[in-house]
Amino acid sequence: MAGEPDFLSSVTSRYAMARDIFARIATFLNKATFKIKRGPPLEMIGEIAKRFKTDDYDRLTLKELAETKAGATFVDEKVQDINRASFHRSAFMLNAFTHLFFVDLAAQLSFSFLQLKFAFVIANIILALLAHSSVRQSYRALLAGPNALPPKRRFWGMFPNPAYNRTVKKNSRSYAQSAWEEKSLFRPAYFVNAALIFLGAQFILPPDRLIFPFSFIVGKISGLFTTLVMAFDVWRGFRAGDAARTAREREVSVYRDLDV
């Protein structure tokens with residue numbers, strides 16, 4: 001009978017340890033794949049405060065910004081940019097994981113070149129870091145607020161103000177950069193990842209080296225996983241094209257304010 005309490009305490013401690021590990025993993029995934037829920041500006045500001053380290057001054061600035069119609073539109077736009085860049089970051093980390101454990105293009109092409117696998121992994125990590133920098137950049141732009149334009153004309157409206165057009169052009173740069181990243185970088189990267197996964201999908205340990213039924217189970221699971229990731233990349237490639245068009249439309253809308 002004395003062994004029964006020891007067994008229960010051991011099971012309880014192991015359960016608590018496993019629950020703690022799963023909680024840590026869930027917290028990490030939540031931070032890595034976060035998405036700010038869109039809604040009323042004040043609710044979005046509350047979500048932003050949970051995701052980023054904001055002080056009282058930053059929260060007060062965002063609340064004052066959200067009180068105006070133009071400011072609320074600006075907050076919603078930047079939240080969309082943060083969510084999109086965060087999704088890119090998670091997607092490319094998923095692709096890096098897939099290339100590391102489920103893709104062996106060299107083996108499929110009947111030659112040994114281990115550096116090829118790590119090159120694709122590192123390329124996806126670099127893209128994820130670039131997306132992470134876009135998250136931080138959009139957050140800093142959100143705190144800075146919409147750029148105020150100087151007067152169009154000076155000296156009682158008799159002469160044009162060159163600073164006005166320069167400020168308008170400066171405001172369009174972030175949209176131009178976003179459109180270029182989406183169209184020329186992220187979109188091709190998704191399609192290339194999908195093609196590479198299609199050509200080189202193979203678990204890091206070939207299923208034919210495992211004992212049945214593990215070979216069958218591993219083969220089916222790895223095949224299903226790589227198929228889902230490949231379909232996900234194709235979908236994200238088309239979505240990146242849509243995001244590029246949206247960014248280009250925003251850039252054009254900014255240029256409509258030029259004094260010509």
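Bear in mind the structure is a predicted one, so any value in this text is a computation, not a measurement. Note: hydrogens, waters and symmetry copies are ignored here, and every other heavy atom, side chains too, is used.
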Measure up the Phe102 and Phe225 rings against each other and bin them: parallel (under 30°), tilted (30 to 60°), perpendicular (over 60°). tilted

Trp235 and Phe87 aromatic ring geometry - parallel, tilted or perpendicular at 30°/60° bounds: perpendicular

Measuring from atom CD of Glu182 to atom OG of Ser134, what distance do you get when rounded to the nearest 0.5 angstrom? 8.5 Å

Spacing of Thr246 atom OG1 and Glu77 atom CD [to the nearest 0.5 Å]: 10.5 Å

Quick one: does any side-chain atom of Ser86 pair with a main-chain N or O of Ile82 as donor and acceptor, under 3.5 Å? no

Heavy-atom side-chain proximity of His99 to Asn193 below 4.5 angstrom: yes

Chi angles and distances behind the side-chain contact (heavy atoms from CB on, under 4.5 Å) call for Phe74, Leu142: CA-CA 8 Å; Phe74 178 77; Leu142 175 63; 4.2 Å; yes

How close do Gly237 and Arg187 get, counting heavy atoms only, and between which atoms? O-CG, 3.3 Å

Rounded to the nearest 0.5 Å, what separation is found between the CD atom of Glu249 and the OH atom of Tyr175? 12.5 Å

Test side-chain contact (heavy atoms from CB on, under 4.5 Å) on Arg84 and Ser178; report intermediate values, then the result. CA-CA 11 Å; Arg84 184 174 61 253; Ser178 178; 3.6 Å; yes

Taking atom CZ as the centre, does Arg248 end up with more than 12 heavy-atom neighbours from other residues, nucleotides or ligands that are less than 6.0 angstrom away? yes

Common cluster, Phe97/Leu199, ILVMFWY with side-chain heavy-atom separation under 4.5 Å: yes

May I ask you to check whether His88 and Tyr190 place their ring centres under 6.0 Å from each other? yes

In terms of hydrophobic clusters joined by side-chain contacts under 4.5 Å, are Met230 and Phe120 together? yes

ILVMFWY cluster, Leu196 and Phe92 together (side-chain gap under 4.5 Å): no

Are Phe191 and Ile197 connected in a single hydrophobic cluster, I mean Ile/Leu/Val/Met/Phe/Trp/Tyr linked by side-chain heavy atoms less than 4.5 Å apart? no

Charged N to carboxylate O under 4.0 angstrom, Arg250 versus Asp81? yes

Leu130 vs Leu185 side-chain heavy atoms within contact, under 4.5 Å: yes

With rounding to the nearest 0.5 angstrom, report the CZ to CD1 distance, Phe118 to Ile125. 10.5 Å

Just how far is it from atom CZ of Phe232 to atom OG1 of Thr98, taken to the nearest 0.5 Å? 9.5 Å

To the nearest 0.5 Å, what is the distance between CG on Leu127 and CD on Glu181? 10.0 Å

Between Leu94 and Leu129, is there shared hydrophobic-cluster membership here, with clusters defined by ILVMFWY side-chain heavy atoms closer than 4.5 Å? yes

